[in-house]
Protein chains: 2
Amino acid sequence: MKSYGQYCALARGLDVIGDRWTLLIVRELLVGPRRYSELREGLPGIATNLLAERLRDLEEHGVVARDAEGTYQLTEWGQELSAPVHALARWAAPLMATPQGDDTFRSTWLALPVAVIFNGIDKRRPRLTIEIRSNDAAVTIESRNGAVWVEPGPATSPDLVITGPPDGIVGLLMGALSETSAAEQGVTIGGDLHRLARLRGG
Amino acid sequence: MKSYGQYCALARGLDVIGDRWTLLIVRELLVGPRRYSELREGLPGIATNLLAERLRDLEEHGVVARDAEGTYQLTEWGQELSAPVHALARWAAPLMATPQGDDTFRSTWLALPVAVIFNGIDKRRPRLTIEIRSNDAAVTIESRNGAVWVEPGPATSPDLVITGPPDGIVGLLMGALSETSAAEQGVTIGGDLHRLARLRGG
DNA sequence: CTGCATCCGGGCCGATACTG
DNA sequence: CAGTATCGGCCCGGATGCAG
């Protein structure tokens, strides 16, 4: 991208991550190291040449590093993008109220709202395992030692299983939807939903 | 901009503020309401049609509102962009270490690093008035009641006057430069610099 | 099959000219 | 002062090719 040519931290930051698709690539890598094909899978709609070019730019700028096997991961500095990414997601949370419509969805994207909703460590949070079954592959929300995070794949013995469309699931996680209104959106819950509310400190 | 078409808060947020120049327009409006010509002045390099189009988009999305006299200002939701903007500026702070070079600078841009460095309210901070004289118009850094912010224009009776190039001034504000190394960059200080350090809690 | 590079049509960006 | 109109060029998006 052409530089803004401004001696300003925001402008210089945008010179690095302001390109189209760039921050979404960072979102994918914040979940963990990813192969090229996994990145494509998590970024529906991106052109393959764009993904390659962005990764090259991010590597040059010191945000992304690739190891010998061709796996991409964030550098230490790149990891620190979690703060602005979470802040932007939090700001944009009201936009999630309008339904999914034709928008695509990948269940690994739940890592972002989960990180925003259950951020930090709270020792009072109970241990809990939730399996999420939505459009594509199942993912697991784990609560251990006060921290909450998302892992790809189903759970071995979940305390709670939530099945349904993405907007209903996100509404439930945020606490914006009641169990009955979520059910109207097609969400099925296996287990006691109050255990989820307790993760938010409810 | 074309929507990413993803049911993800980050993607939907970028659909609103991900366009080129958009977040820099928000930076200008975070300082306070601005006229069209003032925005142009604070965004060197932007094309006038782009500025008009971005303002229209931001207004449609409910980020910006314009009053009867044609003054633009952020809505309540738009104001909340201060969090992601500050987070991005904080992340990009290391990029400010490379010198200004040919980059343009406006002294009102100091409002952003000042907000990042002296964020929040700290009652132990002393009352202080600093006048900054850099490339263009003078600005004033005010510390009152534990809060620190930037006002356009010179101060009436400053406790401290700092004159010099932008990179030297920003380095001094962050505490990354000593008084002597700042002086080597052409920074002149009128008054006792230790009073500035005390604002940071030093 | 993975991990890109190349090519091309269309849309967005950048600069200038112009208008109420 | 506050934009609109216009136009060349670059970037984006989608399809395809191809080397390891």
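To find a chain, count down the sequence lines: A is the first, B the second, and so on, and within it residues start at 1.
- How far CZ of B/R27 is from CG of B/L81: 14.0 Å, rounded to the nearest 0.5 Å.
- Using a distance-only test at 3.5 Å, with no hydrogens or angles considered, no donor-acceptor pair links the side chain of B/T104 to the main chain of B/P44.
- For the pair B/R133 and B/E131, the salt-bridge criterion is met [side-chain N within less than 4.0 Å of a carboxylate O].
- With contacts defined as side-chain heavy-atom distances shorter than 4.5 Å, the pair B/L29/B/Q73 does not qualify.
- With contacts defined as side-chain heavy-atom distances shorter than 4.5 Å, the pair A/R35/A/E69 does not qualify.
- Note that the first and last nucleotides of DNA chain D, 5' to 3', having any atom under 4.0 angstrom from a heavy atom of chain A are D/dC12 to D/dG14.
- Remark: the A/Y72 side chain and the A/R34 side chain contain no N/O donor-acceptor pair separated by less than 3.5 Å.
- Proximity of A/I121 to A/N145: side-chain heavy atoms (C-beta onward) are nowhere separated by under 4.5 Å.
- The closest side-chain donor-acceptor pair between A/T129 and A/E142 falls under 3.5 angstrom.
- At a non-hydrogen distance threshold of 4.0 Å, A/R35, A/Y36, A/S37, A/T48, A/N49 from residues 22-49 of chain A come into contact with DNA chain C.
- Where the helix from C/dC1-D/dG20 to C/dG20-D/dC1 starts and where it ends, the local axes point in directions that differ by 30°; five pairs per end, rounded to 10°.
- Checked by atom type and distance alone, the side chain of B/R125 pairs as donor or acceptor with a backbone atom of B/G146 at under 3.5 Å.
- Note on residues 78-106 of chain B: pairs passing salt bridge (Lys or Arg N to Asp or Glu O under 4.0 Å), not counting sequence neighbours, are A/R12-B/D103, B/E41-B/R106.
- Using cut-offs of 30° and 60° on the angle between ring planes, the pair A/Y4 and B/W21 is perpendicular.
- Distance check, rounded to the nearest 0.5 Å: SG of B/C8 to CG of A/L24 gives 6.5 Å.
- In this structure, a donor-acceptor pair under 3.5 Å is absent between the side chains of B/W77 and B/Q79.
- Of the residues in residues 51-66 of chain A, those lying under 4.0 Å from DNA chain C by heavy-atom distance are A/A52, A/R56, A/R66.
- Looking only at distances, no side-chain donor or acceptor of A/R66 sits under 3.5 Å from a matching main-chain atom of A/L55.
- Using a 4.5 Å cut-off on side-chain heavy atoms (C-beta onward), B/H86 and B/N119 make no contact.
- Bracketed by its first and final contacts, the part of DNA chain C lying under 4.0 Å from non-hydrogen atoms of chain A reaches from C/dT2 to C/dA15 in 5' to 3' order.
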